[in-house]
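Working notes for the structure below.
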Amino acid sequence: KTTATNNNKTTAANNNKTTATNNNTSTATNNNTTTAPYNDTTTATETPKPSNNTSNDNGKIQMSDNLFDFTFELDGVVYQLPCKYDDLTKNGWAMMASNCSDESKIQGGSFEQFTMVKDGHTIDVYIYNPSANVKPVKDCKVSGIYVSTNGQVNFAMAKGITIKSSVKDIKAAFGVPDYTDYIGIPSGYEYFIYYASEGSRYNAVEFYVTDDEYAIFTLLNFIEDEDD
């Protein structure tokens, strides 16, 4: 169970509060503070387990049809969460805010949300420092990504789901969501979550979708390894 703390304003479409805290001053594109009351009784018909087998013989990440392998394709490049910060920068992504850089500090056991830009396209990333010590962004993990149709990115994930996929397509691919929120959600929109770890927003995939082709996808995979 991750203990990351964050007061960060996240971009999910509900008005709930996260259990995290964060002093981030980046130019993240959203302004609402979230934390779903993750007590929904809806359960998926079958929760896929991570396959942990997403690399080819050359060690290159390949797309997986398992949602909880957290693979995604961004502008033609395949990534897997968590990934290194420089996995993004070497493919042309850079901090958007002038007061943020790869030397920006993140407190131990916490994360920050930053907006990154490439060729006028934007994404938000969640940079996690699982250690007990303060570290610069470049030495931390990209443990989450937030993409929207407004960011104008080419984005795809498990089972061919893209940022333009409909609610029907998403649910057909991944089954009944583990959590659905209707409170405060505008008519025509749906907000729902699939949990990789039961009830944990830090290991989950969130969708905020309307069938008039507006969508927000948030993938979060806050995990630690022996090096942390």
Side-chain angles (χ1 to χ4, degrees), residues 2-12 17-35 59-61 70-155 157 163 201-206 216-228:
T2 188
T3 56
T5 58
N6 166 38
N7 279 327
N8 185 26
K9 295 180 179 179
T10 68
T11 48
K17 300 173 186 172
T18 66
T19 53
T21 86
N22 165 31
N23 296 321
N24 184 17
T25 56
S26 73
T27 56
T29 52
N30 62 307
N31 289 318
N32 52 314
T33 304
T34 69
T35 14
K60 187 175 181 179
I61 299 297
F70 292 96
T71 59
F72 61 92
E73 184 174 317
L74 180 64
D75 285 348
V77 180
V78 178
Y79 303 87
Q80 183 176 25
L81 296 175
C83 64
K84 295 178 180 179
Y85 175 75
D86 67 3
D87 288 341
L88 290 168
T89 58
K90 70 184 180 184
N91 286 308
W93 292 94
M95 289 289 193
M96 185 173 182
S98 59
N99 62 334
C100 299
S101 73
D102 60 2
E103 294 293 341
S104 296
K105 299 296 191 290
I106 298 181
Q107 297 297 314
S110 65
F111 69 94
E112 302 272 351
Q113 181 180 349
F114 299 94
T115 299
M116 300 188 76
V117 62
K118 175 185 176 183
D119 299 330
H121 303 162
T122 59
I123 59 174
D124 275 21
V125 294
Y126 299 80
I127 310 293
Y128 176 41
N129 176 8
S131 76
N133 304 311
V134 176
K135 288 186 176 182
V137 163
K138 65 182 181 181
D139 293 335
C140 297
K141 297 178 177 181
V142 177
S143 293
I145 183 171
Y146 160 103
V147 296
S148 74
T149 46
N150 288 346
Q152 300 180 332
V153 293
N154 294 315
F155 181 88
M157 55 191 299
I163 198 67
R201 184 181 179 276
Y202 295 105
N203 305 97
V205 181
E206 303 180 7
I216 297 172
F217 294 179
T218 306
L219 287 68
L220 300 170
N221 192 28
F222 285 65
I223 58 176
E224 301 174 10
D225 55 39
E226 292 179 357
D227 293 334
D228 298 326

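If you read the sequence from its start, that first residue is 1, and numbering goes on from there. Excluded from the calculations below are hydrogen atoms, water molecules and symmetry mates; all remaining heavy atoms, backbone and side chain alike, are included.
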Checking side-chain contact (heavy atoms from CB on, under 4.5 Å) for the pair F72/F217: CA distance, chi angles, key distance, verdict? CA-CA 11 Å; F72 61 92; F217 294 179; over 6 Å; no

What distance do [X] atom [atom1] and [Y] atom [atom2] have between them, rounded to the nearest 0.5 Å?
{"X": "I127", "Y": "M116", "atom1": "CD1", "atom2": "CE", "result": "7.0 Å"}
{"X": "F70", "Y": "N203", "atom1": "CZ", "atom2": "CG", "result": "6.0 Å"}
{"X": "K105", "Y": "N129", "atom1": "NZ", "atom2": "CG", "result": "11.5 Å"}
{"X": "M157", "Y": "I163", "atom1": "CE", "atom2": "CD1", "result": "9.0 Å"}
{"X": "K90", "Y": "K84", "atom1": "NZ", "atom2": "NZ", "result": "7.5 Å"}
{"X": "D119", "Y": "T122", "atom1": "CG", "atom2": "OG1", "result": "12.0 Å"}

Is the closest side-chain heavy-atom distance between [X] and [Y] below 4.5 Å?
{"X": "N154", "Y": "E73", "value": "no"}
{"X": "D102", "Y": "D86", "value": "no"}
{"X": "V153", "Y": "L74", "value": "yes"}
{"X": "I106", "Y": "K135", "value": "no"}
{"X": "V142", "Y": "Y79", "value": "no"}
{"X": "F222", "Y": "R201", "value": "no"}
{"X": "F114", "Y": "V137", "value": "yes"}
{"X": "T218", "Y": "V205", "value": "no"}

Of all heavy-atom pairs between E206 and L220, which one has the smallest distance, and what is that distance? OE2-CD1, 4.3 Å

Using every non-hydrogen atom in the two residues, find where E224 and K141 come nearest and quote the distance to one decimal.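 Taking every non-hydrogen atom into account, CA-NZ, 3.9 Å.
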
Would you please name every residue forming a side-chain hydrogen bond (donor to acceptor under 3.5 Å, both in side chains) with Y85, sequence neighbours left out?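 Once residues adjacent in sequence are excluded, Y85 has no partner under the side-chain hydrogen bond (donor to acceptor under 3.5 Å, both in side chains) criterion.
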
Answer yes or no: is there a donor N or O on one side and an acceptor on the other, between the side chain of D139 and the main chain of P136, under 3.5 Å? no

Test your reading of the model: is there a side-chain donor-acceptor pair from K118 to the backbone of N91, 3.5 Å cut-off?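 It does hold such a pair.
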
Just do the side-chain hydrogen bond (donor to acceptor under 3.5 Å, both in side chains) check on S143 and N221 with the steps written out, would you? CA-CA 5 Å; S143 293; N221 192 28; over 6 Å; no

